[in-house]
2 protein chains.
Amino acid sequence: MAATIALMSQPARTLAAGTVGTVETRYLDLPEPLHLDCGRELHPVRVAYETYGTLSPARDNVILVGHALSGDAHAAGLAEAPPAASTRDGFGAEDRDSAGGKGLGWWDGMIGPGKAFDTDHFFVICTNLLGGCRGTTGPSSIDPATGRPYGSDFPVITVSDMVRTQRAFLDVLGIERLAAVAGGSLGGMQALEWAVLFPDQVDAVVAIASTHALHPQGVAWNAIARDSIMGDPAWQGGHYYGTGRAPDGGMGVARMVGHITYLSAPALDDKFGRRLQSGDDLRYTITEPEFEVESYLRHQAGSFVKRFDANTYLYTSRALTYFDLARRHGGGSLARALDGVAARTLLIAFSSDWLYPPSASQEIEQALRALGKPVDFQVIEAPYGHDCFLLEEARQTPIIRRFLAQGRAG
Amino acid sequence: MAATIALMSQPARTLAAGTVGTVETRYLDLPEPLHLDCGRELHPVRVAYETYGTLSPARDNVILVGHALSGDAHAAGLAEAPPAASTRDGFGAEDRDSAGGKGLGWWDGMIGPGKAFDTDHFFVICTNLLGGCRGTTGPSSIDPATGRPYGSDFPVITVSDMVRTQRAFLDVLGIERLAAVAGGSLGGMQALEWAVLFPDQVDAVVAIASTHALHPQGVAWNAIARDSIMGDPAWQGGHYYGTGRAPDGGMGVARMVGHITYLSAPALDDKFGRRLQSGDDLRYTITEPEFEVESYLRHQAGSFVKRFDANTYLYTSRALTYFDLARRHGGGSLARALDGVAARTLLIAFSSDWLYPPSASQEIEQALRALGKPVDFQVIEAPYGHDCFLLEEARQTPIIRRFLAQGRAG
């Protein structure tokens, strides 16, 4: 099945590429406790994952893909049951709803035979992140100390903790080295963290629409989203599981905020303009959506709260605001933090992405270049804001294929 | 008392200007019912207002100033009691807290002897908007039909309704013509609406950091803010008065969203960077602020909910998203909407304002110029985003003084 997706005002897809077919999410329990940055230990830890392609006998063709804030392990292929309600309309791409692991994966356009991450050559693995709500241990998992879900007793985690979880998971699979670590947004943070934490085990990094440290406005948006969730009385201090109530209201507002930050103002203008729900007549209502963009936001919020756990949102949001390569690994210096990196690095950014702007990738590029490390930085001119990393598959593909081919040749 | 305000990384104020002194908010009841755009009538209507300077015998020196979303009639001078807690720190200027009419007015740097709106020449009037919560009739006022506060039974109002209220108020004062109508943001919308609704009664318009129609991203931010308030269970369908509960949580989140949209990303970077509350040590907390910008946002939200009514926020937010000169007055054409304008127009925008970007003012300029109407458009290069209209007094002053002087000479 070809990954043909109708995208508004985008060029028709010309990818001659196949699909990884029907896939299944699997689960693996780590044998050892995880030691976390906060000082606590976590055990047991289960990891949900999917794989695409074939592991080479030498186990040297592995690409690990990290997902973003609202993603999961289902990155490619078709899950067994069809999606209940597909939101793959090319807008609000972070909402591509793989609804409980069903439907097409969130990066299906990028992973498969002939695609950017070519499963004819590579064995691609995607894990649900530590703290997740799609099979990997997170706040909704059972705390062995109490027999009830952790809720807000779950330890506060970092991107380093997520990466160490992936490292422990790959150990069980007997995979020592990675041909590449790749991801967009928070997934790109993981890729960069891998290159710093385990420099001898990563050949290449592909960090897309990402950063070495989220800028203060991004920190603020995340704080607002979290405060919205925690301010919902149904959050109940984080212990809402089993109460029949969940902070859907606060979570919906959090999602709306996120959603607008993932898109560009011109893209919203193109898509909705100031069109009203009912022709040219105002209905003079405070409570009901009047503009199309208002209705769209409510719909997106409503579908998101059905598929995502609010505590996972809180923990993941906190982790991505904490992420700061310079502070954590370089005593405040990005150059010092990246000094040990041995991987080749590809950075891709999008001109209209104001949440993870090209300037952040450029700072990484400059630091790596000053250190004499191999780095390629590409800015793609595209109007869809941060969501471009999920939408602009056709334009990322040749860049990524060329970059990965250089590694296979070398 | 000189309006000297310490502003972060701004040049020292060099304005040789005085103050209007101690002021008092007064109240006036309109004699007739208001006929609203939504088809309903409103009666009684009280208007809170302040005046600065002296009305000329010919009553031809009046400047009406309109306030923004969270403002009030206290635009200049010192209210009788000192402010409980001044937030005039140059940041989050929309939060300049005149705390129940106390403290310095929200545009004190612009209104006074020798200032932009020079009270040595002009009689400046500012009214609290229809729908307000600072003395003018609004959702927290008593509904004569029930004897209880309107709450969400208050009629949905428009910027036209606000302007017609001002017109009826000035009728009572015996003021027929305005030498100028001025304001920033929603205040600028009122100024433009005046010029269209009452073309024979307005000599000049000063619309600052404003627009003829908010762009879809701005509509979205406002929708998110309103959904946050209405999603708070304490909103109680809009009838929270007298219940001992108010939607402070949802309102706080709404304010945080607004706050970030009023500032520019570089300004946030300058002010807060990624500084932590506690040096370089993460405290690994989900519930507590960790970054300075997080703590700042919570503080701003907390002080705002104490001084502002959530329903007024809802109604005013709705009105400013409805505002659309082309749709309302031009059958979709801005040129047609502005065709009857007789006033000279000054438009000021700020380079870093992404909520009311210069492009919107430019569209107004081009439409007026194409119609052969006198218009001056100035973009001020300044880093503070939309809040510039409250902060950049020194740079707006000569532009506005020159523009108004041309009118007095002519």
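Convention: sequence-line order gives letters A, B, ...; per-chain numbering from 1.
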*Is any residue of residues 320-329 of chain B within less than 4.5 Å of chain A by heavy atoms, and which ones?*
B:Thr321, B:Tyr322, B:Phe323, B:Asp324, B:Arg327
*If we only count heavy atoms from C-beta on, is the A:Thr158 to B:Tyr284 side-chain gap below 4.5 Å?*
yes
_Could you check whether any side-chain heavy atom of B:Ile260 comes within less than 4.5 Å of a side-chain heavy atom of A:Ile224, counting everything from C-beta outward?_
yes
Shorter than 4.5 Å, heavy atoms on both sides: which option in [options] has the most such pairs with chain B?
options: A:Gly249, A:Gly39, A:Ala220, A:Gly250; answer: A:Ala220
options: A:Ala265, A:Gly332, A:Gly231, A:Ser317; answer: A:Ala265
options: A:Leu276, A:Leu297, A:Asp232; answer: A:Leu276

Need one label for [X]: side chain, backbone, both or neither, based on atoms under 4.5 Å from any heavy atom in chain B.
X: A:Thr287; answer: both
X: A:Leu282; answer: side chain
X: A:Leu36; answer: neither
X: A:Arg274; answer: both
X: A:Asp269; answer: both
X: A:Met256; answer: both
X: A:Arg275; answer: backbone
X: A:Ile157; answer: neither
X: A:Ala225; answer: neither
X: A:Val293; answer: side chain

*Please determine which of A:Glu290, A:Glu288, A:Glu294 meets the salt bridge (Lys or Arg N to Asp or Glu O under 4.0 Å) test together with B:Arg318.*
A:Glu294
[X] portion near chain A, given a 4.5 angstrom heavy-atom threshold:
X: B:Asp248; result: neither
X: B:Glu292; result: neither
X: B:Ala213; result: both
X: B:Ile286; result: both
X: B:Asp227; result: both

*Rounded distance (nearest 0.5 Å) linking atom OG1 of B:Thr261 with atom CH2 of A:Trp221*: 6.0 Å
*Can you tell which of B:Pro266, B:Cys38, B:Ala223 has the highest number of heavy-atom pairs within less than 4.5 Å of chain A?*
B:Cys38
*Contact winner vs chain A - B:Val156, B:Val253, B:Val219, heavy-atom pairs under 4.5 Å*: B:Val156
